[in-house]
There are 2 protein chains.
Amino acid sequence: MLDHTDQRILEELSRNSRITMKELGEKVHLTGQAAASRVTKLEDQGVIEGYTIKVNQEKLGNSIHAFITVITQSMNHQPYLTFVKAQKEIIHNYKISGDGCYLLECKFPSNGRLVQFLTDLNKHANYKLSIVINK
Amino acid sequence: MLDHTDQRILEELSRNSRITMKELGEKVHLTGQAAASRVTKLEDQGVIEGYTIKVNQEKLGNSIHAFITVITQSMNHQPYLTFVKAQKEIIHNYKISGDGCYLLECKFPSNGRLVQFLTDLNKHANYKLSIVINK
DNA sequence: TCAACTCCTTTCACTTTTCAAGTTAAATGG
DNA sequence: CCATTTAACTTGAAAAGTGAAAGGAGTTGA
């Protein structure tokens, strides 16, 4: 399904998705047109889901990166899920098996905002907090 | 430092980083050239760290998404860190404060590979495993 | 008021993309 | 064995986008 050239294309696009098709072609030993048509195919197959940017969250003022393990007490998760949808600090809400029911990945601009978030979260569930201090 | 137009630009590029500068300009009510120069500025400021793609990991055959909390026994983390560097299944290795020393985010192609990984990891540290079952 | 500065637009030469047509090579079937 | 089909690539040309230079409008401060 995916040959070596496709792998190389995904690699190069992961490194820089704004590369021109001509340049991409040179890197994988194809013409720009051939590279472009492979990329289109990868998009159609759903292998490439989209093109995006990496943003420096610190420079945007979101300096606190947290993982929050959520342990819901109630059987009914709906109130929690509704809460999650409303919080824009949440980057991902993973349903997990293992320690806890959900794992939240969040970014906060300040300690105060984090405290507020945890207070609100605590109305629906218990949690364990992990703060990222390095990557 | 960042005005509303810059925010809009970041939003649009997050949605689609391969958009042409001309189109981006139209979306934020600028000419393509003006949009391009703002983007260059955002790059120079380090706000935009890079351009990348979202790849469907399932279609690449990496169907298991795991978070692994790592609790190192030894004071010396170096053997663990060396191990981490060598594993290509690891997407992120976060140093955390809270429950554990590190949090690993990984993708595995099979259960067997996960078991192998955990066996190897266990030579350097204890762990707690969480498997993502939904997002 | 004037100079300096920032941010934007216009213009134009140059590059890239897109689309159509042609080539090649491997697989299929009489 | 040869004709046919198909997939993947290349070539070429028109259309579209980019980047650099020049210039205009608005703001700031002496």
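All of these numbers come straight from a predicted model, not from anything done at the bench.
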**Report entry** Rounded distance (Å) that lies between atom C1' of D/dA8 and atom CG of A/Leu42
**Finding:** 14 Å

Query raised in the report: Hey, does B/Asp3 have a side-chain heavy atom less than 4.5 Å from the side chain of B/Arg38?
Result: yes

Query raised in the report: Under 3.5 Å, is there an N or O donor on one side and an acceptor on the other linking the side chain of A/Gln33 and the base of C/dT16?
Result: no

Requested in this report: Would you mind reading off the distance between A/His29 atom NE2 and D/dT10 atom C1', rounded to a whole angstrom?
Outcome: 17 Å

Query raised in the report: Please give, in whole Å, the distance from C/dC8 C1' to B/Asp3 CG?
Result: 13 Å

Report task. Return the value, rounded to whole Å, for the distance between atom CD1 of B/Ile9 and atom P of C/dC8. Result -> 8 Å

Query - Spacing of B/Glu23 atom CD relative to D/dA16 atom C1', expressed in whole Å - result: 11 Å

Report summary line: Comparing nearest nucleotides in DNA chain D, the 5'-proximal residue of the pair B/Thr20, A/Gly32 is A/Gly32

Query raised in the report: CG of B/Leu30 versus P of C/dC7: gap in Å, rounded?
Result: 12 Å

Query raised in the report: Does a side-chain N or O from B/Lys41 land closer than 4.0 Å to OP1 or OP2 of C/dC7, or not?
Result: yes

Requested in this report: Determine, using ring centers only, whether A/Tyr94 and B/His65 are less than 6.0 Å apart.
Outcome: yes

Query - Gap between atoms CE and P, on A/Met21 and D/dC9 respectively (whole Å) - result: 14 Å

Query raised in the report: Where each residue is assigned the nucleotide of DNA chain C containing its nearest heavy atom, which of B/Arg18 and B/Thr5 is assigned the position nearer the 5′ end?
Result: B/Thr5

Query raised in the report: Are A/Asn126 and A/Asn122 side-chain neighbours, meaning at least one heavy-atom pair lies under 4.5 Å?
Result: yes

Query - From D/dT18, C/dT9, D/dA8, nucleotide with atom closest to A/Arg38 side chain - result: D/dA8

Query raised in the report: Quick one: B/Leu24 CG to C/dC8 P, roughly how many Å, whole number?
Result: 12 Å

Report task. Please report the shortest heavy-atom distance between A/Cys106 and A/Ile68, naming the atom on each side. Result -> SG-CD1, 4.1 Å

Query - Aromatic plane relationship, B/Phe117 with B/Phe83 - under 30° parallel, 30 to 60° tilted, over 60° perpendicular - result: tilted

Query raised in the report: Would you say A/Thr31 reaches D/dC9's phosphate, i.e. side-chain N/O to OP1/OP2 under 4.0 Å?
Result: no

